[in-house]
Amino acid sequence: MSDSDTSKKSNFIRQIVEADLASGKYAAVHTRFPPEPNGYLHIGHAKSICLNFGIAEDYDGQCNLRFDDTNPHKENLEFVRVIEEDVRWLGYDWEERMLFASDYFGQLHDFAVDLIQRGKAYVCDLTAEETRTYRGTLTEPGRDSPYRERSIDENLDLFARMRAGEFPDGARVLRAKINMASPNINLRDPTIYRIRHGVVHHQTGDEWRIYPMYDFTHCLSDSIEGITHSLCTLEFEDHRPLYDWFLDALETRCHPQQIEFARLNLEYTVLSKRKLTELVDGGHVDSWDDPRMPTIAGLRRRGYTPVSIRNFCERIGVTKADSRVELQILEGCIREDLEAHGPRRLAVLDPLKVVITNYPEGHEEEFEVPNHPQEPSMGERPVPFDRELWIERGDFMEEAPRKFKRLVTGGEVRLRNAYVIRCDEVIKDADGEISELRCSYDPETLGRNPEGRKIKGVIHWVSATHGVSAEVRLYDRLFTAPNPEGDWLEALNPESLTIVKAVVEPALANAEPGERFQFERTGYFCADRHDHAPGRPVFNRTVALRDSWSKIAAKGGN
RNA sequence: UGGGGCGUAGCCAAGCGGUAAGGCACUGGUUUUUGGUACCAGCAAUCCCAGGUUCGAAUCCUGGCGCCCCAGCCA
């Protein structure tokens, strides 16, 4: 990252890491990012990715990519593939350490046997329903399972037979023997192994009939990998005593420290995997990488850059306080990146025909226009100009408020990078709609200001004969409510996508899929990585330019 | 009502007993062939509340209040 100011990145987790490094508790830091491959990664995961990989990067340590794949019912290979791609796209590298919790199924099984031998785990025959009853409630203690005092030998035998596939799903589980009266419900003899017949695990195939649970798996996986700091979100805070219990009960390589931080909430979207899955499965969006989705893949397709997302994650900080971040912060990050690095182009989203009556018929010119007004190194491209042009319908008004500084009847305006024109006549169709503007140009105003008068407005344009028509997808927030809850689908924004037929300058016809631009005066756009093709240009609006005119106009423009 | 957390401007967030950083947003202004950008200036905080300790408290203590999480054979 270009930003080497680490003090700016400081947060309570980094302080702990620094202290542990300074005290010699650890010679090097080792973190991990542990996604479950049951959905696409979203911007909330990006926060965790940037935290874990960022710490490894800045303190000269390592970060593993580890798939938490203990539930074969919900997980699949496509999610593994996409997660890998997304983390890499964000700019992080796990070298040879692409790992799976399922890599440790053998060791995990042996740890479970060890736990039984130490008298700290037992096979329980209660049904799921009964288990729930025995667990008690938030305010009442649970009761011991009638199977809690089975002999070690019997537990060993039963567990071996669970593994051998002798019992059907749900018939028995292996439980840790901790304390059914604990005020922390997670400690009331949690299940650590369950039976799962007939599912094919994406990594281990049909090798196992029993699968370990998260609490048992996660701490031991961390330990097996020599993780020093195990960072997770706040809802796992209650699980930390369990995390520690397993590592204390067993002889393990090391005892990592679990540290919890607040998960990200973003305005006008949802970030729970359940809801995102529902949006996709319910057809409310087109796919996991629909540009309206807060997924990494969606943001990427929308036009966000890895740098913008990393900056965002740095800007929002890491704390334990629940928060909901304003959307403008994310938008500000991509504007900032694309303002500096996005080549400028001219595109008219809502075209209105302009005929320059005093421009010679059949004549045309080609201007060399800079790709970036402040950055000559970004080069130039040719832009054709001739007698008929398209301008933005919103850039003309017959009767305009005082502060409107674009084209009005009888008024003058600068065509960006070209001449000053005057509107002489407004042509309307049968419905009274403006269909065409007849204008005249001042040939002395190319590259210089006219004498004796000040032209205050500048508008963009595209040659009508050379312009290329393109599909432009205008995206808006996915939800109308800042925090969609309850009947959250009701808050879906019906205008989250508007498709318009635009006319763009010829250079845009050759855009590569995924290429990003600033359409001058309009916003930042990205050639759709799936649908854009030569001959059929498709652009997604990443974010509009900041617009101070709309505020003035809303007040009447006077 | 049990347990675990959190509470500093509109939003995010520094702070770690010495008198409230920064960013975003917002408001002015300058520059500008993008009503963009950049630059300058400004606004904005009962530090959840109430007591206490201290020369001194956002920081320590006590008691409240508010919000979030936990009763999957999910993670």
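Note on naming: letters A, B, ... go to the chains in the order of the sequence lines (proteins, then strands), and numbering restarts at 1 for each one. Bear in mind the structure is a predicted one, so any value in this text is a computation, not a measurement.
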Which base, if any, makes a Watson-Crick or G-U wobble pair with [N], both distances under 3.5 Å?
N	value
rC67(B)	rG5(B)
rG35(B)	none
rG42(B)	rC26(B)

Who are the salt bridge (Lys or Arg N to Asp or Glu O under 4.0 Å) partners of D395(A), not counting sequence neighbours?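 With sequence neighbours excluded, D395(A) shows a salt bridge (Lys or Arg N to Asp or Glu O under 4.0 Å) to R406(A), R521(A), given in chain and number order.
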Looking at R393(A), I'd like to know if its CZ atom is crowded, meaning that more than 12 non-hydrogen atoms belonging to other residues, nucleotides or ligands lie closer than 6.0 Å.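 Yes.
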Whichever of T139(A) and E237(A) has its nearest RNA chain B nucleotide further upstream toward 5': T139(A)
H197(A) side chain to R209(A) side chain, donor-acceptor N/O pair below 3.5 angstrom: no
Regarding Y134(A) and D189(A), do their side chains bring together a donor and an acceptor under 3.5 Å, going by distance alone?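 Short answer, no.
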Phosphate OP1/OP2 of rC39(B) contacted by Q374(A) side-chain N/O (<4.0 Å): no
Can you give one letter per nucleotide of nucleotides 66-75 of chain B, going 5' to 3': B for a protein heavy atom under 4.0 Å from the base, S for sugar-phosphate only, - for none? --SBBBSBSB
On a whole-Å scale, what distance lies between the [atom1] atoms belonging to [N] and [M]?
N	M	atom1	value
rC60(B)	rC55(B)	C1'	16 Å
rG56(B)	rC65(B)	C1'	27 Å
rU8(B)	rA13(B)	C1'	9 Å

Within 45° of the six-membered ring axis of F519(A) and under 6.0 Å from that ring's centre, is NZ or CZ of R345(A) located there?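 Judged by the rule, R345(A) and F519(A) form no cation-pi pair.
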